[in-house]
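These notes are about the structure you will find just below.
Chain identifiers are assigned alphabetically (A, B, ...) following the order of the sequence lines, protein sequences preceding nucleic acid strands; residue numbering begins at 1 within each chain. Owing to the predicted nature of the structure, the values given are computational and were not obtained by experimental measurement.
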There are 2 protein chains.
Amino acid sequence: MPRPSTPLLSPDRIRSVALEIIDRDGLDGLSMRKLAASLGVQAASLYGHVRTKDQLLNDIASSILSSVDVSGFAVDWREGLIRCARSYRAALSSHPNIVPFLAYGPAGRAESLQRLDLLHGALVDAGWSRREATMIAAGLMYIVFGSALSSFSSGFSADPADYSGRYPHLDRAHLLPAVAHELDRDSFELALAAFVRGL
Amino acid sequence: MPRPSTPLLSPDRIRSVALEIIDRDGLDGLSMRKLAASLGVQAASLYGHVRTKDQLLNDIASSILSSVDVSGFAVDWREGLIRCARSYRAALSSHPNIVPFLAYGPAGRAESLQRLDLLHGALVDAGWSRREATMIAAGLMYIVFGSALSSFSSGFSADPADYSGRYPHLDRAHLLPAVAHELDRDSFELALAAFVRGL
DNA sequence: TGGGTTAACCTAACACTGTTCGGTTAATCG
DNA sequence: CGATTAACCGAACAGTGTTAGGTTAACCCA
């Protein structure tokens, strides 16, 4: 195919279809050839619009994180922490398959830094030292990312035989997958509440 | 090379050298061919001792997690939570490059389940409901894994120019890598203390 | 001591991966 | 109308995990 009358590709369309594939087939399910095929194109054509696969994933991650809400700090810092953590987790858990990618790289994404800066400033304004503010922000990220990884409740097998006998206190662990979603949310809320209350 | 007089390979040796490579070159730095070369062998030979690369990584992960200490529950549940979290984090941060792998898969490793069972039982014995015990255990894992990912402090650039101006409250963020280790530990301790206190 | 079996390694290949190079054609601008 | 540029393609490169089939040494038993 020569140059088409109307372009088939655009960075936006590439990102959007790539995210669909990640959501459907997982992070390993995304390859440049498969992505190109989904776009009706050859793999090499993608590199006219995207610098590298890693950059593509970073851009996708950034666009997901851009929905994080840090407006709560206008009220007070506790409310700010809680709202920020909730919307952060909501953003991540709407596309859980990309979370392991975030676990790799540096947090040097502009979106993250901008929000982190605001969070840090609000904590300092509330009277915390710079060092304390950094640690509190880190602790909040621990809970957010830890819960978003969710290799916890969703990591349990659905087969009772895997647990009964061997792990007496986990004899109902096989029920977890069924209520994993709800339990994950509640566990996150409990951890968040306990953390903020304990500060 | 035909069959050697004394075997060159054993599952233990493979695991140990693989972990060395991961520690030195990162998770992506480990390939079966490179591992084989480090062992003075061809890649195909590994498959006589190891079922698959994924299985190899799982075995390595299990052996790392086997050092997690849950003895603190003999004292009381708060002490148990704190000690368990500390030794869990210590185990992970002694080989930080393998943590992203753990973020992928199910937590269905026998070592994890055994410790989780004990933790769950101790919390129930202390008067928490089964559901609460599950959520508390989950919250603890959030903090442990979140802090072990450490895409936080170690994710900052060492170049001041990346921050100054753009992010007013992060104008000293470039100092983070230098004290990342210490700050990570302190942030973890703060989060852990706040979480347990807040329960 | 000899013969068969098995264990341990090898070479070669398969189907992938991300990425680059050079070519072809259509749209666009002066 | 001519030159430039943008958009796509085919083919290739070096790398990946993994498997099949072959070769030889070590081991066990008669």
Close residues, residues 42-55 of chain A, relative to DNA chain C [heavy-atom separation under 4.0 Å]: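 Under 4.0 Å from DNA chain C: A/Ala44, A/Tyr47, A/Thr52, A/Lys53.
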Quiz item: B/Arg33 side-chain donor-acceptor pair to D/dG17 base, under 3.5 Å: yes
Gap between atoms [atom1] and [atom2], on [X] and [N] respectively (whole Å):
X	N	atom1	atom2	value
B/Met32	C/dA15	CE	P	20 Å
A/Ile21	C/dT17	CD1	P	11 Å
B/Leu35	D/dG15	CG	P	17 Å
B/Ile14	D/dG17	CD1	P	14 Å
B/Lys34	D/dT18	NZ	P	17 Å

A/Arg83 bridged to A/Glu79 by N-O distance under 4.0 Å: yes
Sugar-phosphate, base or nothing in reach of A/Leu30, heavy atoms under 4.0 Å: sugar-phosphate
Short side-chain donor-acceptor distance under 3.5 Å, B/Asp69 and B/Ser71: yes
B/Thr134 and B/His120: side chain donor to acceptor below 3.5 Å: yes
In one Ile/Leu/Val/Met/Phe/Trp/Tyr side-chain cluster, 4.5 Å: A/Phe73, A/Trp128: yes
Joint cluster assignment, A/Val17 & A/Leu57, ILVMFWY side-chain distance < 4.5 Å: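 A/Val17 and A/Leu57: one cluster.
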Heavy-atom donor-acceptor pair, B/Arg15 side chain to B/Ser10 backbone, under 3.5 Å: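 No, B/Arg15 side chain to B/Ser10 backbone: no donor-acceptor pair under 3.5 Å.
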